[in-house]
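Because the structure is a prediction, the values reported are computed rather than measured. For the numbers below, each heavy atom of this structure counts, side chains included, while hydrogens, waters and symmetry mates do not. Numbered from 1 within each chain, the chains take letters A, B, ... in sequence-line order.
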Amino acid sequence: MPDLQSPRGMEDLLPEDAAVWRHVRDIAEHVARLFDYGYISTPVVEDARVFLRTVGEESDIAQKEMYVFEDRGGDRMALRPEGTAAISRAYIEHGMGSRPQPVRLFYIGPFFRYDRPQAGRYRQLWQFGAECIGDASAAADAEIIELQHTLYQELGLPDLLLRINSIGTAETRARYTEALREHFRPHLESLSKDSQRRFETNILRILDSKEDAGHPAVTGAPSILDFLTEEDAAHFAAVQGYLGALGISYVVDPRVVRGLDYYARTVWEFEPPDAAGQSTVGAGGRYDGLMELLGGPATPAVGFATGIERIVLNLRRRELAPEEEAPVDVAMVPLGEAGPAAAMRLARALRAAGLAVRAGTPGRSLRAQLRAASNSNAAFAVILGDDEARDGVAQVKPLGADGEQLTVPFGSVADAIQRSW
RNA sequence: GUGGGUGUGGCCUAGCGGUUAGGGCGCCAGGUUGUGGCCCUGGAGAUCGUGGGUUCAAAUCCCAUCACCCACCCCA
């Protein structure tokens, strides 16, 4: 190991990884476009309060997973751990409440969580997300889920399991957590240490504990769905109605909860069927209370985020990840004294004609350069030495199985290559 | 923060007390005074993660440490 390496949990993206990332990003942006979501990019660094106010001071994100630092001016800054709060900040700051509602936005970029890395979890992670802001209706929930569902369909991940739930409003959850507390209190002794801790910090999390999954107190716990108000229940039923109309399969799972406090009503997750470990590929929910936490007007909103690394992981597991970018069209092969300069000028002309051209390596033997050209998967080698430079021509050599090498005047090289396709 | 596993050239790896630390891939060069892919030959490239200890002798055994991986917590 060299003594300098990338920070823990933050990975270099190498050229050989580029094809699959480009693939995912292209499809994500395409799907966003299909739904008329506009691209928004917010800073990677924000005033720490943007997140501290919204994710909940007590949440793990605020307590131990956020990169917080003081800048040179003494301001408390944070590397963004998630997208929704920052986008909400931008929505308020730019008065987007005065635009036609709802405002539909999508984003893609890196986020940061000071977590212990493991498979599918990183300290710098990329997320693609979409937010539909200013629409309280169940149709907006369905639209966001449909967008996310379409993304996975387009990517070739049609069998991700959609689990949905409603966690009601803040009042609902207050009544429910009180009921849970009463339910679990007599069983505390027999629950795992983690669950005992959760009993104090985030009691909802006991429900999806891995250790206590089979515990009778967990399996027999009351369901939040029984605590929903009439309005919440109607909203949830409407969402399910839309999903049914769209033919999107899902399961209602009352154990789906959210780590962040600002969620309300509909929440969901997409998971691979062979789920294990850090498996959630994407998750979303309604966050009607968030804007007010940031000092803005009460504004209903719903959105989702999906982890690019986790998408790539799933594509690779299924061998659906494209391995290579499109190969280069032309590899230049300059020889001799006059070849290199003439080859550079010819390469410029070819690029101007829209061809991708890899520069050669003057000084290397013809054999070595042709080997390299062949390895690069270039469609053509263009050989240019002293004789060619003198005569104003180049040798155009197809690198495929067959095809004849031609002597072509400079001005006709681009044409000759484009015609022979 | 907790637990487990693994560290040998760029990558994969053999060696598990005494070897000039071996091989494969890749890279560079040559085999053709200017013609690739296959093949052949040669070359460069390793403080055996780091520090300490045991021993006549350590990549190999012990301890510590660091890094990475996996899992828990939490989350995308």
Side-chain angles (χ1 to χ4, degrees), chain A residues 1-9 11 14 16 55 59-66 81-84 108 110-129 148 160 192-198 201-202 204-206 208-212 257-260 268-272 276-285 303-314 331 333-336 339 361 363-388 395-405:
Chain A
M1 278 294 147
D3 63 335
L4 288 178
Q5 42 185 314
S6 71
R8 167 182 293 222
E11 298 199 319
L14 302 179
E16 51 266 38
V55 303
S59 72
D60 265 32
I61 288 187
Q63 291 294 309
K64 61 175 201 187
E65 291 174 8
M66 217 158 81
E82 55 107 18
T84 303
I108 185 163
F111 294 85
F112 302 86
R113 293 180 192 170
Y114 193 84
D115 244 343
R116 196 75 178 261
Q118 68 186 75
R121 192 175 68 189
Y122 306 90
R123 287 186 170 182
Q124 174 177 307
L125 57 123
W126 280 67
Q127 288 192 333
F128 166 76
Q148 190 177 3
L160 296 183
S192 68
K193 253 197 155 123
D194 278 329
S195 290
Q196 289 175 21
R197 181 179 50 74
R198 292 187 187 109
T201 58
N202 189 354
L204 293 174
R205 280 284 171 198
I206 296 180
D208 63 350
S209 161
K210 290 186 174 99
E211 211 174 331
D212 293 323
V257 295
R258 277 278 80 88
L260 307 180
W268 66 89
E269 297 180 349
F270 280 87
E271 256 187 8
Q278 307 304 313
S279 55
T280 301
V281 175
F304 82 93
T306 188
I308 305 293
E309 289 87 352
R310 291 188 182 178
I311 287 174
V312 169
L313 187 70
N314 278 276
V333 179
L335 299 169
T361 312
R364 282 200 193 171
S365 69
L366 173 59
R367 174 226 272 300
Q369 293 201 65
L370 280 179
R371 263 187 195 148
S374 198
N375 287 336
S376 77
N377 287 319
F380 294 88
V382 171
I383 303 164
L384 214 169
D386 289 320
D387 296 348
E388 286 82 5
Q395 306 293 331
V396 176
K397 180 182 176 65
L399 292 171
D402 48 2
E404 211 173 317
Q405 178 172 320

Practice task
Pick the C1' atom in rC61(B) and in rC75(B), then give their distance to the nearest Å.
Solution key: 42 Å
Problem - Distance, P atom - from rC70(B) to rG23(B), rounded to whole angstrom - result: 32 Å
Handout entry: C1'-based separation of rG17(B) from rG53(B) [nearest Å]
Key = 15 Å
Practice task
With sequence neighbours excluded, tell me which residues meet side chain to side chain contact (heavy atoms under 4.5 Å, CB included) with D386(A).
Solution key: E337(A), A338(A)
Handout entry: Distance, C1' atom - from rA58(B) to rA67(B), rounded to whole angstrom
Key = 22 Å
Practice task
Mind checking A283(A) for me? I need base, sugar-phosphate or nothing, with any heavy atom below 4.0 Å counting as a touch.
Solution key: sugar-phosphate
Exercise for the section: Could I get the full list of side chain to side chain contact (heavy atoms under 4.5 Å, CB included) partners for E269(A), not counting sequence neighbours? Expected result: R163(A), V256(A), R258(A), E271(A), T280(A), A283(A)
Practice task
For rC56(B), give its Watson-Crick or G-U wobble partner with both distances under 3.5 Å, or none.
Solution key: rG18(B)
Problem - R205(A), nearest nucleotide to its side chain (from rA76(B), rC74(B), rC69(B)) - result: rC74(B)
Exercise for the section: Check side chain to side chain contact (heavy atoms under 4.5 Å, CB included) between D194(A) and all other residues, then give those that pass, not counting sequence neighbours. Expected result: S192(A), R197(A), R198(A), E211(A)
Exercise for the section: Could you list the residues that satisfy ring-ring contact (aromatic ring centres under 6.0 Å, His included) with F112(A), not counting sequence neighbours? Expected result: none
Practice task
Check whether any side-chain nitrogen or oxygen of Q118(A) sits under 4.0 Å from OP1 or OP2 of rC69(B), and answer yes or no.
Solution key: no
Problem - Partner residues of E309(A) under the side-chain hydrogen bond (donor to acceptor under 3.5 Å, both in side chains) criterion, sequence neighbours left out - result: none
Tabulate protein N/O versus nucleotide N/O from nucleotides 1-5 of chain B, keeping only pairs under 3.5 Å, one per line.
from	atom 1	to	atom 2	distance (Å)
rU2(B)	O4	R116(A)	NH1	2.7

Completion exercise
Taking rC74(B), rA71(B), rA76(B) as options, the one with an atom nearest any side-chain atom of A119(A) is rA71(B)
Exercise for the section: Using Watson-Crick or G-U wobble geometry with both distances below 3.5 Å, tell me the partner of rU35(B), or none. Expected result: none
Fill in the blank from the handout: Answer for the Watson-Crick or wobble partner of rC75(B), both distances under 3.5 Å, is none
Practice task
Report the base-pairing partner of rA29(B) (Watson-Crick or G-U wobble, both distances below 3.5 angstrom), or none.
Solution key: rU41(B)
Practice task
Please state how far atom CZ in F128(A) lies from atom C1' in rA76(B), giving the value in whole angstrom units.
Solution key: 13 Å
Practice task
For S365(A), check side chain to side chain contact (heavy atoms under 4.5 Å, CB included) against everything at least two apart and list the hits.
Solution key: R367(A), A368(A)
Exercise for the section: Whole angstrom is fine here: how far is it from CH2 in W268(A) over to P in rA76(B)? Expected result: 12 Å
Problem - Sugar-phosphate only, base, or nothing, as touched by F304(A) at under 4.0 Å among non-hydrogen atoms - result: nothing
Exercise for the section: Could you tell me which nucleotide pairs with rG3(B) by Watson-Crick or G-U wobble geometry, both distances under 3.5 Å, or answer none if nothing does? Expected result: rC70(B)
Exercise for the section: Could you give the distance separating rC62(B) and rA46(B) at their C1' atoms, to the nearest angstrom? Expected result: 25 Å
Problem - Span that lies between the C1' atom of rU19(B) and that of rG1(B), in whole angstrom - result: 45 Å
Handout entry: 4.5 Å side-chain heavy-atom contact, P81(A) and F111(A)
Key = no
Completion exercise
With sugar-phosphate taken as primed atoms, P, OP1 and OP2 and all else as base, the protein-contact string of nucleotides 29-37 of chain B at under 4.0 Å (heavy atoms; B, S, -) is SBB--BBBB
Completion exercise
Sorted by chain and number, sequence neighbours left out, side-chain hydrogen bond (donor to acceptor under 3.5 Å, both in side chains) with Q405(A) holds for Q395(A)
